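See structure below.
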Amino acid sequence: SWAHPLRLAQEHAPDESAVSADQINKYIAVYTEMQRNHSLTVNQAASKQGLTLEQFRAIENRIVRNPVAHERVLDALKKANKKTQPTP
């Protein structure tokens with residue numbers, strides 16, 4: 001049947017909200033770097049990770065749409081933020 005190849009193509013279509021571990025790590029690194037150095041722009045921090053601003057924003061959009069990735073990023077950023085806070 002002609003529908004079979006179409007179904008296969010849909011099954012193998014990339015998930016728009018899929019985010020690789022490498023992308024998540026780079027995203028976290030950008031924000032961690034900005035927490036450490038408040039004078040950095042997003043563009044500067046992203047370029048340190050080998051990302052253009054457009055690539056960074058694309059990863060950010062996928063993370064926001066992916067609950068598992070989003071939770072992982074939030075947890076990592078909270079931990080990173082605690083490390084950069086002065087201890088009382």
Side-chain angles (χ1 to χ4, degrees):
S1 124
W2 63 270
H4 182 71
L6 221 157
R7 193 178 78 241
L8 280 177
Q10 289 172 342
E11 286 171 5
H12 295 292
D15 180 358
E16 284 188 7
S17 66
V19 192
S20 74
D22 184 55
Q23 290 172 325
I24 290 172
N25 291 336
K26 285 183 178 186
Y27 182 82
I28 291 167
V30 168
Y31 271 101
T32 303
E33 186 71 24
M34 289 173 62
Q35 285 175 340
R36 286 191 198 120
N37 182 352
H38 294 287
S39 68
L40 279 182
T41 65
V42 177
N43 202 7
Q44 290 168 327
S47 71
K48 287 184 169 203
Q49 295 301 316
L51 299 170
T52 65
L53 184 58
E54 292 76 21
Q55 289 169 324
F56 176 77
R57 292 299 182 204
I59 292 169
E60 183 172 53
N61 286 334
R62 288 198 301 277
I63 287 171
V64 170
R65 292 195 311 261
N66 183 318
V68 175
H70 195 219
E71 195 61 36
R72 182 174 163 196
V73 165
L74 291 176
D75 286 346
L77 290 176
K78 283 178 197 167
K79 288 176 188 164
N81 194 29
K82 284 180 186 170
K83 289 179 186 172
T84 59
Q85 294 296 320
T87 51

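Here the structure is a predicted model, which means the values were calculated and not measured.
Note on residues 67-78: no pairs pass salt bridge (charged side-chain N to carboxylate O under 4.0 Å, His left out), not counting sequence neighbours. Among pairs with a residue in residues 44-81, those fulfilling ring-ring contact (aromatic ring centres under 6.0 Å, His included) read Tyr27-Phe56, Tyr31-Phe56, at least two apart in sequence or across chains. Here salt bridge (charged side-chain N to carboxylate O under 4.0 Å, His left out) pairs that include residues 38-54, with residues two or more places apart or in two chains, are Glu33-Lys48.
Closest approach of Val30 and Ala46 over heavy atoms only: CG2-CA, 3.7 Å. Summarising the geometry of Ile24 relative to Val73, their closest heavy-atom pair is CG2-CG2, 3.8 Å, with the distance given to 0.1 Å.
Residues that satisfy the side-chain hydrogen bond (donor to acceptor under 3.5 Å, both in side chains) test with Asn37, not counting sequence neighbours, are Ser39.
Remark: Asn25 CG to Ile59 CD1 distance equals 10.5 Å, nearest 0.5 Å. Here Ser20 contributes atom OG and Lys26 contributes atom NZ; the two are 8.0 Å apart, rounded to the nearest 0.5 Å.
There is no path of hydrophobic side-chain contacts, each under 4.5 Å, that joins Leu53 to Val64.
By the 4.5 Å heavy-atom criterion applied to side chains, Gln23 and Ile63 are not counted as neighbours.
Of the options Thr52, Val42, Leu51, a side-chain contact (heavy atoms from CB on, under 4.5 Å) to Arg57 is made by Val42 and by none of the others.
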